[in-house]
Amino acid sequence: MSRLAICPGSFDPVTFGHLDIIERGASVFDNVIVVVFNNQSKAPLFTVEERVALLEEATNHLPNVTVDESNELLIDYAMQQKAQVVLRGLRAVSDFEYEMQITSMNRKLNEKVETLFMMTNNQYSFLSSSIVKEVAKYKANVSDLVPEAVEKALKKKYS
């Protein structure tokens, strides 16, 4: 049986911090599905389709990673895919409280799917999609924060 992990997020846009978790997850699991979820509490800059396309380009060097999208509950999606694990990245202690609540709810809904947390590389511990969008809006250089395709897409959105 292959080990399948789901790596969920809104990825608006994907950053090098996200890619750090995805790449490291791909080295641990046989297959990783990166799933774009549309977080209703956020006003996205990119459409779901754009985010999927950017993720596909950013992960095309990882043969065991696929990209998908979903509008359903994460735990339902994980069960449909027969995933054993939800892989989540943590940047700082502040992420932990939110992630603990989500994980506890997912565990209540289905205790067969485990959630594993991976600490983001220290060089990306400050990095979030929100910060990237904020600095890109003011034409700051984000080339060391996001893949080249994302940098171009941000420039286009904010031109």
Side-chain angles (χ1 to χ4, degrees), residues 1-135 142 145-147 150:
M1 183 175 180
S2 75
R3 296 168 300 158
L4 172 63
I6 303 294
C7 186
S10 53
F11 303 104
D12 186 41
V14 61
T15 69
F16 285 142
H18 293 126
L19 287 177
D20 173 54
I21 298 299
I22 294 165
E23 289 171 348
R24 289 167 49 215
S27 73
V28 173
F29 296 97
D30 297 319
N31 294 289
V32 176
I33 303 174
V34 180
V35 188
V36 176
F37 285 91
N38 198 12
N39 187 335
Q40 300 294 330
S41 67
K42 297 180 181 179
L45 177 64
F46 294 97
T47 67
V48 170
E49 294 76 21
E50 289 171 323
R51 288 180 267 162
V52 166
L54 290 169
L55 271 163
E56 286 174 340
E57 186 165 342
T59 60
N60 66 8
H61 65 289
L62 301 168
N64 62 331
V65 172
T66 57
V67 180
D68 198 5
E69 64 178 272
S70 179
N71 289 317
E72 58 198 312
L73 281 175
L74 166 60
I75 203 70
D76 291 340
Y77 180 87
M79 289 306 297
Q80 287 172 9
Q81 299 299 319
K82 297 180 176 46
Q84 299 85 16
V85 172
V86 171
L87 177 63
R88 301 288 296 178
L90 292 176
R91 292 172 295 203
V93 173
S94 56
D95 286 346
F96 182 77
E97 187 173 338
Y98 171 77
E99 293 294 344
M100 186 182 72
Q101 291 173 339
I102 299 297
T103 299
S104 296
M105 180 53 74
N106 286 339
R107 190 113 173 102
K108 181 181 181 334
L109 294 171
N110 188 326
E111 59 188 33
K112 292 180 182 174
V113 178
E114 291 292 341
T115 299
L116 296 182
F117 297 105
M118 188 175 282
M119 294 303 299
T120 303
N121 185 314
N122 284 343
Q123 76 185 82
Y124 304 123
S125 63
F126 69 94
L127 189 55
S128 71
S129 295
S130 299
I131 287 173
V132 167
K133 288 185 286 191
E134 185 67 21
V135 298
V142 295
L145 306 175
V146 296
V150 174

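Positions are given from 1 along the sequence. All heavy atoms count here, side chains included; hydrogens, waters and symmetry mates do not. All of these numbers come straight from a predicted model, not from anything done at the bench.
Pairs engaging residues 117-129 under the side chain to side chain donor-acceptor pair (under 3.5 Å) rule: none recorded [sequence neighbours left out]. Residue pairs meeting the salt bridge (charged side-chain N to carboxylate O under 4.0 Å, His left out) criterion with at least one member in residues 105-115, sequence neighbours excluded: R107-E114. The side chain to side chain donor-acceptor pair (under 3.5 Å) pairs that include a residue from residues 64-76 are D68-Y77, S70-E72, E72-Q80, where partners are two or more places apart or lie in different chains. The ring-ring contact (aromatic ring centres under 6.0 Å, His included) analysis of residues 9-62, with sequence neighbours excluded, yields the pairs F11-H18.
E57 pairs by the side chain to side chain contact (heavy atoms under 4.5 Å, CB included) definition with A149, not counting sequence neighbours. The side chain to side chain contact (heavy atoms under 4.5 Å, CB included) test applied to V65 returns I22, A26, V32, V34, T59, L62, not counting sequence neighbours. With sequence neighbours excluded, no residue satisfies salt bridge (charged side-chain N to carboxylate O under 4.0 Å, His left out) with E23. Here M79 pairs with N110, V113 under the side chain to side chain contact (heavy atoms under 4.5 Å, CB included) rule; sequence neighbours left out. Not counting sequence neighbours, the partners of E99 by the side-chain hydrogen bond (donor to acceptor under 3.5 Å, both in side chains) test are R88.
Atoms CG and CG, on L4 and N31 in that order, are 6.0 Å from each other to the nearest 0.5 Å. In this structure, the separation between CE on M105 and OG1 on T103 is 11.5 Å, given to the nearest 0.5 Å. The distance from atom CD1 of I6 to atom OG1 of T115, rounded to the nearest 0.5 Å, is 11.0 Å. Considering CG of D20 and CZ of R91, their distance stands at 12.5 Å, rounded to 0.5 Å.
The side-chain heavy atoms of V86 and P8, taken from C-beta on, include a pair separated by under 4.5 Å. Side-chain contact check for P13 versus L45: every heavy-atom pair is 4.5 Å or farther apart. Taking 4.5 Å as the limit, every side-chain heavy atom of V14 sits out of range of all side-chain heavy atoms of R51. Taking the side chain as every heavy atom from C-beta outward, M118 and L87 approach each other to under 4.5 Å. Put simply, the side chain of D12 reaches to within 4.5 Å of the side chain of K133, judged on heavy atoms.
For F96, the CZ atom sits in a loose shell: 12 or fewer heavy atoms of surrounding residues, nucleotides or ligands are nearer than 6.0 Å.
Pairing each heavy atom of D30 with each of S2, the nearest pair is OD2-CA, 3.2 Å.
Using a distance-only test at 3.5 Å, with no hydrogens or angles considered, no donor-acceptor pair links the side chain of R3 to the main chain of V85.
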